Chemist: 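Sending over a structure as structure tokens; questions will come in a sec.
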There are 2 protein chains.
Amino acid sequence: MPATIRDVARLAGVSPSTVSRALSMPEMVNAATRARVAAAVEQLGYQPNRAARGLITGRTGNIGLVVPDLANPFFASVTKGVQARARRSDTAVFVADTDEDVTAEVGLVRALSKQVDGLILCSPRSGDADLCAIAQDTNVVLVNRTAAGIPGITYDNEEGMRQAVAHLVALGHRRLAWVGGPVTSWSTQHRGIGLENAVADHGVELSRVGHFGPTYEGGMAAADQVVASGATAVITYNDLVAIGLLARLHARGISVPGDLSVVGVDDIAMSRMARPALTTVRLPKQEAGRIAVELLLALLDDPDSTVDTRGTLHGELIVRDSTGPAASP
Amino acid sequence: MPATIRDVARLAGVSPSTVSRALSMPEMVNAATRARVAAAVEQLGYQPNRAARGLITGRTGNIGLVVPDLANPFFASVTKGVQARARRSDTAVFVADTDEDVTAEVGLVRALSKQVDGLILCSPRSGDADLCAIAQDTNVVLVNRTAAGIPGITYDNEEGMRQAVAHLVALGHRRLAWVGGPVTSWSTQHRGIGLENAVADHGVELSRVGHFGPTYEGGMAAADQVVASGATAVITYNDLVAIGLLARLHARGISVPGDLSVVGVDDIAMSRMARPALTTVRLPKQEAGRIAVELLLALLDDPDSTVDTRGTLHGELIVRDSTGPAASP
DNA sequence: GTGAAAGCGCTAACAT
DNA sequence: ATGTTAGCGCTTTCAC
């Protein structure tokens with residue numbers, strides 16, 4: 001049986017409320033008593049029961065994180081970031097993996113929302129309406145997505161795409177291809193828009209090659225269409241897709257970057273390990289997790305702040321071996 | 001404000017205790033009243049406050065999972081398995097990433113232990129003494145590790161190594177090398193032992209090449225020592241190490257499997273994507289997570305069961321392109 | 001089969 | 001500055 005606040009109070013010769021105060025508002029209690037309480041706490045190894053505290057304060061000290069797929073290194077990194085930052089604020093993190101299932105997402109969120117002070121939704125696939133409904137009665141922070149009135153942290157996708165296009169154009173490429181991710185993905189939409197603008201600015205062509213899963217398999221599936229498009233360089237939804245693409249191209253005997261240059265997005269650890277090593281737009285992943293927690297914590301302290309609580313992170317082009325000069329026609 | 005049990009009681013025209021019973025012991029309440037309660041619950045969207053319930057039942061309905069590094073695909077998979085199984089039992093999962101820091105591990109565990117019904121410790125780096133101390137006042141299940149009196153799920157490392165060695169010997173290899181993982185890793189010790197036995201059985205040689213981090217970098221670092229050992233085939237602590245090794249070998253112009261065959265352990269997604277695709281011992285990862293949850297749940301239902309609560313999972317050799325016949329001397 | 005009352009461990013008024 | 005009281009939302013005796 002773990003020690004309760006009464007045990008501590010008895011041992012220190014004070015009342016439970018004094019113990020409570022000594023712990024949560026130390027400056028409101030006499031230094032001498034505070035010391036006695038501290039000693040008792042120490043001796044008993046007392047740790048307040050957070051559930052009981054939450055019952056009365058309305059705050060649990062827990063947050064929830066919902067991700068589409070933990071096996072995707074991108075989300076694993078974001079999770080690490082969330083985790084690390086939360087720990088520093090003595091906050092525990094519930095993690096829920098929806099397995100890319102939109103239906104599960106809504107249900108999971110509802111189940112979790114009762115036990116946490118707030119929720120971080122990472123790349124939610126749900127529609128805006130659902131999201132807003134959730135944000136109605138829960139504190140929510142979005143990662144990789146915006147929705148009216150909900151705070152969140154996103155990447156500047158447009159800018160990232162501009163960097164990728166500038167790089168390829170400088171290498172002499174005039175016909176680019178874009179392999180889109182999941183249709184419902186906010187990122188895929190914004191990357192598409194950024195790309196559109198960037199190619200317009202540079203006066204080069206862009207073929208859009210459908211929507212594919214954000215996976216290695218997605219990339220394998222996309223490869224042949226990319227080749228058929230006649231592009232000399234391709235930008236993919238993310239690194240996983242790019243690596244799948246690389247595999248299929250290799251199997252078909254198409255040389256990268258000789259015949260085709262490939263650019264990914266994310267810079268997951270695997271990208272350095274690919275052969276050829278993947279040129280990519282690095283997204284600060286743990287950073288996003290960290291900031292999401294900070295946004296959420298701020299929201300909790302000041303529930304109806306009208307301050308704009310939006311953050312934007314920038315990608316950084318990492319040039320490796322999968323991009324090279326366009327073959328002269 | 002979310003609905004409370006009283007709201008439901010009032011709406012259904014019964015007492016709170018009846019609502020409580022209708023929800024947790026349906027057969028003890030009249031079918032008619034049960035229906036009325038159900039309707040009220042539905043109408044109000046009532047969800048019991050688990051913290052309040054936990055306060056009295058002593059069970060939170062939450063479990064904790066501690067892993068060394070979520071960015072390692074192995075642990076990401078185990079986490080997914082835990083997650084999926086827990087959800088089916090309506091149990092939420094706190095995830096804590098220790099960042100491979102032994103010191104953090106003990107602290108994290110203590111912090112978490114108060115808010116959960118039990119803890120799953122995945123590949124704990126802590127010593128046996130610490131582990132037993134923790135298991136003293138918390139329900140603990142170990143993954144990838146055994147300790148006296150603590151239930152757990154492990155892989156049959158010996159058997160996995162036997163498969164790997166048999167494969168290599170069949171290919172004509174007589175001089176093998178082993179790249180060990182972290183010194184404190186239970187798995188690395190047992191794989192070492194299994195290897196020792198296997199090579200003895202087959203009458204072949206084994207060079208042990210130090211201890212390295214369980215990472216890509218670890219593999220890069222190990223490569224030159226492996227080559228210097230004169231072995232024609234190498235087995236590494238895990239796939240990440242094998243892939244790092246592959247990279248360094250490629251850089252040095254050493255052909256795989258022509259000059260050196262390479263076998264990993266885990267079968268993470270990345271292994272298929274390596275070039276050459278990695279021969280490896282597949283470990284059922286999500287399975288381990290699933291079973292860990294089941295072990296824990298069983299432990300909770302029957303706190304001092306004397307039943308042996310140990311599980312063992314078996315690896316499966318997956319032969320891909322990184323292993324081939326030994327070069328004839 | 002159902003209700004009334006007590007209390008889980010804690011904090012927040014309210015007294016003192 | 002400290003103690004007393006009440007009560008967070010729920011379950012669980014114990015009556016009826």
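Just so we're on the same page: letters track the sequence lines, and every chain starts at 1. Predicted model only: the values in this text are computed from it and were never measured.
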Chemist: What's the closest nucleotide to the side chain of A/T4 if the choices are C/dG9, C/dT11, C/dG3?
Modeler: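 Nucleotide nearest to A/T4's side chain: C/dG9.
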Chemist: Please state whether the phosphate of C/dG3, meaning OP1 or OP2, lies under 4.0 angstrom from any side-chain nitrogen or oxygen of B/T18.
Modeler: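 So the side-chain polar atoms of B/T18 do come within 4.0 Å of the phosphate oxygens OP1 or OP2 of C/dG3, strictly under.
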Chemist: Run the salt-bridge test on B/R87 and A/D97 with the 4.0 Å N-O cut-off and return the result as yes or no.
Modeler: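 A/D97 and B/R87: not salt-bridged.
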Chemist: With respect to the side chain of A/V14, which nucleotide from C/dG9, D/dG3, D/dT11 is positioned closest?
Modeler: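 Within the option list, the nearest is D/dG3.
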Chemist: Do A/R125 and A/D130 sit within salt-bridge range, that is, some charged N less than 4.0 Å from a carboxylate O?
Modeler: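 Result for this pair is no, no salt bridge flagged.
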Chemist: Rounded to whole angstroms, how far apart are CZ on A/R10 and P on C/dG9?
Modeler: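 Rounded to whole Å, this separation is 11 Å.
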Chemist: Of the candidate nucleotides C/dC10, C/dT11, D/dG9, which contains the atom at the shortest distance from the side chain of A/S20?
Modeler: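 From the listed options, C/dT11 comes nearest.
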Chemist: Starting from C1' on D/dG9, measure out to CZ on A/R50 and report it in whole angstrom.
Modeler: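 Taking CZ of A/R50 and C1' of D/dG9, I get 19 Å after rounding.
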Chemist: Using heavy atoms to find the nearest nucleotide of DNA chain D for B/S17 and A/R34 separately, return the residue whose nucleotide is more 5′.
Modeler: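 Looking at the nearest nucleotide for each, A/R34 comes out on the 5' side.
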Chemist: With a cut-off of less than 4.0 Å, is there a side-chain N or O of A/T33 near OP1 or OP2 of D/dT2?
Modeler: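 True: A/T33 side-chain N/O within range (under 4.0 Å) of D/dT2 OP1/OP2.
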Chemist: Just so I know, are the side chains of B/T79 and B/V67 near enough to count as touching, which here means a heavy-atom distance under 4.5 Å?
Modeler: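 A side-chain contact exists here, since the closest heavy-atom pair is under 4.5 Å.
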Chemist: In whole angstrom, what separates B/M28's CE from C/dG1's P?
Modeler: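 Rounding to the nearest Å, CE of B/M28 and P of C/dG1 are 7 Å apart.
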Chemist: With under 30° as parallel and over 60° as perpendicular, where do the rings of A/F74 and A/Y155 fit, or are they tilted in between?
Modeler: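 Correct class here is perpendicular.
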Chemist: Rounded to the nearest Å, what distance is computed from the CD1 atom of residue B/I56 to the C1' atom of nucleotide D/dT11?
Modeler: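 Rounding to the nearest Å, CD1 of B/I56 and C1' of D/dT11 are 4 Å apart.
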Chemist: C/dG9 P sits how many Å from B/R59 CZ, rounded?
Modeler: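 In whole Å, C/dG9 P and B/R59 CZ are 17 Å from each other.
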Chemist: Measure from CZ on A/R6 to P on D/dT4 and round the result to the nearest Å.
Modeler: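 Between P of D/dT4 and CZ of A/R6: 12 Å.
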Chemist: Choosing from C/dG9, D/dT2, C/dT2, which nucleotide comes nearest the side chain of A/N30?
Modeler: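 Closest nucleotide to the A/N30 side chain: D/dT2.
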Chemist: Starting at the 5' end of DNA chain C and moving along, which residue's nearest nucleotide shows up first, B/R21 or A/V19?
Modeler: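 Checking each residue's closest nucleotide, the 5'-ward one belongs to B/R21.
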Chemist: Could you tell me how far apart A/L23 (CG) and D/dT2 (P) are, to the nearest whole angstrom?
Modeler: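 After rounding, the gap between these two atoms is 14 Å.
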Chemist: Whole-Å distance between D/dG7 C1' and B/N49 CG?
Modeler: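 These atoms are roughly 14 Å apart.
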Chemist: How long is the straight-line distance from CG of B/D69 back to CG of B/D101, given to the nearest 0.5 Å?
Modeler: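 Those atoms lie 12.0 Å apart.
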Chemist: Go through the N and O atoms of the side chain of B/S24 and the base of D/dT11, and report whether any donor-acceptor pair is under 3.5 Å.
Modeler: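 A donor-acceptor contact between them is absent.
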